[in-house]
Structures are given as structure tokens and as C-alpha cells.
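Model, not experiment: these values are computed from the prediction.
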Amino acid sequence: MRVTRCRREGERGRGPWPAVYAFATRAGVGRYRGGVNFHDLLRMLVERSASDLHLHAGLPPLARIHGKLTPVAETRVVPAFTEKLVDLMCDERQKRAFAAMHQVDLAYSVAGMGRFRVNLFRQRGSISAVLRIIGSDDSVLQLVNLPPETIAYFRDQEKGIVLVTGPTGSGKSTTLARIIDEINAVHAKMIVTIEDPIEYLHRSKRSAIVQREIGMDAVSFADALVAAMRQDPDVVMIGEIRDHATAAAALSAAQTGHLVFATMHTQDAARTINRMMELFPPHEREVARILFAESLVGIVSQRLLPRAGGSGRIAAMEILRGTLRIRDLVKDEERTGEVYDAIRDSRFDGMQLFDDHLAELYAQDAISYETAMHAATSAQQFKLAATQVDLERGRPTVTQWG
């Protein structure tokens, strides 16, 4: 099965794609000429800054470019092609897992191109594949737009827990990889990462780095985290906290003098605090809340938004630091909602609310007013901030033009 370039006589590729690509079901189809293999298609997507590739039988291949799904071929994917992907991408262990569970997560590498996070799964009797394109070189990590002072603050901590949160595809893994890379470059420490799958391949610089993959190197996040405590780590990075066992092990590690980084699928700092507590059974929450408050170094919540003019995406971020005031609020369940006010009052301490960062990006013309309004936590608060921006810049305010 090959990916072939489809070009009828007199037809030229349009838009961002140099040509239209199709999945041929057999060799020698008369109207197709020339051809590239599957890896050439992946290379084309990487060059076009696509973030994901969707391959579903019965649909044309779809690439997510600047947050939007775009067909990249006229011909529909056939079931025989996606079946071949299992043989191409999976080792024997992964094939057994796919046969048993009808889905599997894995990382797929192509020499000279990069790595891809892959989910293979069955739907409607056929196999589908979704590939997330992962840039694994240092230049990609430099695109993370966390303020340098925030990166340095997290990098130089000796113990505690840092959470990077946001929806799927918001760049959490890239942000964590950037912070780990900074620790690696500046400090001589032992770093253990636990991932599902491994995304960024770190080369040891001043630090020693051990990277373990769930399924291949460890059974679960919780088991790997418990084992990591016997591996003399200074820093532990957990791909995701999503259950009680992992949350409890992460807090224990932070309490015993380790610096722990992890991701969660939450929208902002206050929701992250609440979600962390919900992972514990009711009879453990009071103690867990105290331990979490004492361990909290910071929370970064981020979302990727389309840039104005359609030239890529940019991360809007909420940043919380574990100051004494923040820790007191976290300890008291009734006062968690006051975290927003505490962040707003602590801009000079390196904190920022998500909506305030939206206003900054709008002031820089990095994002449109419509994009910011759609993403805002409080539309009314952002509208007030945007109006102030327009007044300061001497242009019609949002209330004047709609």
C-alpha cells in the first residue's frame, strides 16, 4: 500500500499543499502518476506545521493545521491501508495489546524527521489511526512562551509539585519538556520521566536522565512512580495524573524532598486544585489538601489559540505560584475561589490570570478579539480589559464596533 500523488492532466496543487495525495488500493491506477510513501506524507505534514494526522477508513486523510482539520487528499483511506499501519508501527507486545484491547498507544519515530504519538483503534469494523506530531529537537522547545523568570523559578526549586494543565493538544508536554531541558542544562541532578508514551527524547547534559514508558518499561504511572523513589531521583516528571494512586504517589514524592512535575486535563488553577482533591476518597481529602498545599510550587494552565491572520497558534497561560497566601487558600476548601483574586493581586510576583494574558495578547495583535472572547474564562472581564486596550491605543473600542 502506497501513498500516491494524484495529479490529473493539467491539474496543479492548490493551497498549502504542493499536490493532492491519495491512498491507492492497487498499483497501476491509470489516473495516478508519481508517488511517495507514507513517510513522505508525514514529512510533508511536519514541514507544513500540522499538529495531527487522522486516518479513518472511508474518509480522506485529515491534518490539523493551526487548530483546524483540513483534508490533504481527494481519495478516501481504505481499510487495507490502516491495517498495514499496525504491522508498520507496532512491535510484538503492542500487537498483542491491540488484539486484546482493540486500541493501543505508542510512539513512532522516523529517522531524520522526528517522533509521533500514535493511537491505533478499531471503529465500525476497521482500524483508525491518529498521529500527533512531536518536535523532539531543542528548537521546538524554545517556542514555549512561558516567561523566562517563570521557567527559572520552576527550574531552581528543590522539592514540591508543579502541575501543567490544559485540554488535549494544548502543548502541556512541550512546556514540561522545556522545563526539564532547562534543569538538564543548568543543574547536575538525577531526572526520571514516566510517560505514556515517551514524547521528547532528552539527551543528558549536566543532569542524568532516565525515561520510562508505560507498557514497555513499567506497568502503570503509580507503579513506576513508587519504583522511581528507589532510583535516587532529584526530579520526577509524570506524563499525567489521572487516578488516586498516581496522585497519592506524586504527593508522597513531593513531601519526601523530590521535585515533581505532572500534567492534568483541567482548565485553570482553581479547577486544578479541586480536581486534584477529587482524585482522593472523601475520608482522605482533608489530609490530602494540607499535603498538596504544603507541596505546591506552581500551576501553569494553558490553551493554544489561533494567531491573528491565521499564521499558527500561540499559548495563552494562567500562572500560579505557591506563595504563603496561595497555600493558605488551598488548605481551606471554602476559600479556593479566592485563588483568582490572589493571582490578580500578585502580578509582580510572576503570576497572571488567563484572561489578563488574553488581554495582553490582544494588545499585541497576536490574537483577535473574537478568539479571545471565545476563550475567556469571564467574557465580561475580558471585554472590559479589551476596551481599556483600545482606549489606550486610540482605536474604536469593542463597544463601539460591536
Any side-chain heavy atom of [X] sitting closer than 4.5 Å to one from [Y]?
X: Asp356; Y: Arg347; result: yes
X: Val72; Y: Arg48; result: no
X: Leu163; Y: Ile241; result: yes
X: Pro61; Y: Val77; result: yes
X: Ser301; Y: Thr272; result: yes
X: Tyr340; Y: Asp268; result: yes
X: Glu240; Y: His265; result: yes
X: Val235; Y: Met237; result: no

Is it true that [X] and [Y] make a salt bridge, defined as a side-chain N closer than 4.0 Å to a carboxylate O?
X: Glu92; Y: Arg96; result: no
X: Glu278; Y: Arg275; result: yes
X: Glu158; Y: Lys189; result: yes
X: Asp40; Y: Arg43; result: yes
X: Asp349; Y: Arg325; result: no
X: Arg344; Y: Asp341; result: yes

Item to check | Test applied, side-chain hydrogen bond (donor to acceptor under 3.5 Å, both in side chains); reference residue, Ser128; option that passes from Arg122, His56, Gln103 | outcome: His56
Item to check | Option passing side-chain hydrogen bond (donor to acceptor under 3.5 Å, both in side chains) with Asp181 (candidates Arg155, Lys205, His202) | outcome: Lys205
Would the distance check show the side chain of [X] and the main-chain N or O of [Y] forming a donor-acceptor pair, the cut-off being under 3.5 Å?
X: Asp91; Y: Arg93; result: yes
X: Ser126; Y: Gln123; result: yes
X: Thr165; Y: Thr266; result: yes
X: His258; Y: Ala253; result: yes
X: Glu318; Y: Ala269; result: yes
X: Lys331; Y: Ala293; result: no
X: Glu195; Y: Glu199; result: yes
X: Arg76; Y: Gly58; result: yes
X: Glu182; Y: Arg178; result: no
X: Thr263; Y: Val164; result: no

Next on the checklist: Before you tell me yes or no, could you show the steps for Phe280 and Leu291 under side-chain contact (heavy atoms from CB on, under 4.5 Å), namely the whole-Å CA-CA distance, both residues' side-chain angles and the distance that decides it to 0.1 Å?
Outcome noted: CA-CA 12 Å; Phe280 291 85; Leu291 295 179; over 6 Å; no
Closest contact, heavy atoms only, [X] versus [Y]:
X: Arg327; Y: Leu296; answer: NH2-O, 3.0 Å
X: Phe154; Y: Leu259; answer: O-CD2, 3.8 Å
X: Gly239; Y: Phe221; answer: N-CE2, 3.6 Å
X: Ala254; Y: Val260; answer: N-CG2, 3.8 Å
X: Leu358; Y: Ala372; answer: CD1-O, 3.6 Å
X: Val389; Y: Ala359; answer: CG2-O, 4.1 Å

Is [X] atom [atom1] crowded by more than 12 heavy atoms from other residues, nucleotides or ligands, each under 6.0 Å away?
X: Glu47; atom1: CD; value: yes
X: Lys95; atom1: NZ; value: yes
X: Glu284; atom1: CD; value: yes
X: Arg124; atom1: CZ; value: no

When rounded to the nearest 0.5 angstrom, what distance separates [atom1] in [X] from [atom2] in [Y]?
X: Leu329; Y: Thr336; atom1: CG; atom2: OG1; answer: 7.5 Å
X: Met89; Y: Leu106; atom1: CE; atom2: CG; answer: 7.0 Å
X: Thr150; Y: Ile319; atom1: OG1; atom2: CD1; answer: 4.0 Å
X: Ile191; Y: Ile180; atom1: CD1; atom2: CD1; answer: 5.5 Å
X: Gln380; Y: Leu384; atom1: CD; atom2: CG; answer: 5.0 Å
X: Ser51; Y: Lys68; atom1: OG; atom2: NZ; answer: 13.0 Å

Next on the checklist: Using the rule given for side-chain contact (heavy atoms from CB on, under 4.5 Å), can you reason through Lys172 versus Met264, listing the C-alpha separation, both sets of side-chain angles and the distance that settles it, and then say yes or no?
Outcome noted: CA-CA 9 Å; Lys172 299 184 297 296; Met264 294 184 74; over 6 Å; no
Assess the side chains of [X] and [Y]: does a donor N or O sit below 3.5 Å from an acceptor N or O?
X: Ser170; Y: Gln302; value: no
X: Tyr200; Y: Thr174; value: yes
X: Gln364; Y: Glu360; value: no

Next on the checklist: Checking Leu146 against Ile179 for the side-chain contact (heavy atoms from CB on, under 4.5 Å) test, could you report, in this order, the C-alpha distance in whole Å, the side-chain angles of both residues, the deciding distance, and whether it holds?
Outcome noted: CA-CA 10 Å; Leu146 262 180; Ile179 297 171; 4.2 Å; yes
Next on the checklist: Applying side-chain contact (heavy atoms from CB on, under 4.5 Å) to Leu85 and Val118, what does each step give before you reach the verdict?
Outcome noted: CA-CA 10 Å; Leu85 293 180; Val118 183; over 6 Å; no
Item to check | Ring centroid separation His374 to Phe382 under 6.0 Å | outcome: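 No, ring centres 6.0 Å or more apart.
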Next on the checklist: Testing Val110, Val130, Asp52 one by one against Phe116 for a side-chain contact (heavy atoms from CB on, under 4.5 Å), which residue passes?
Outcome noted: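 Considering Val110, Val130, Asp52, a side-chain contact (heavy atoms from CB on, under 4.5 Å) with Phe116 is found only for Val110.
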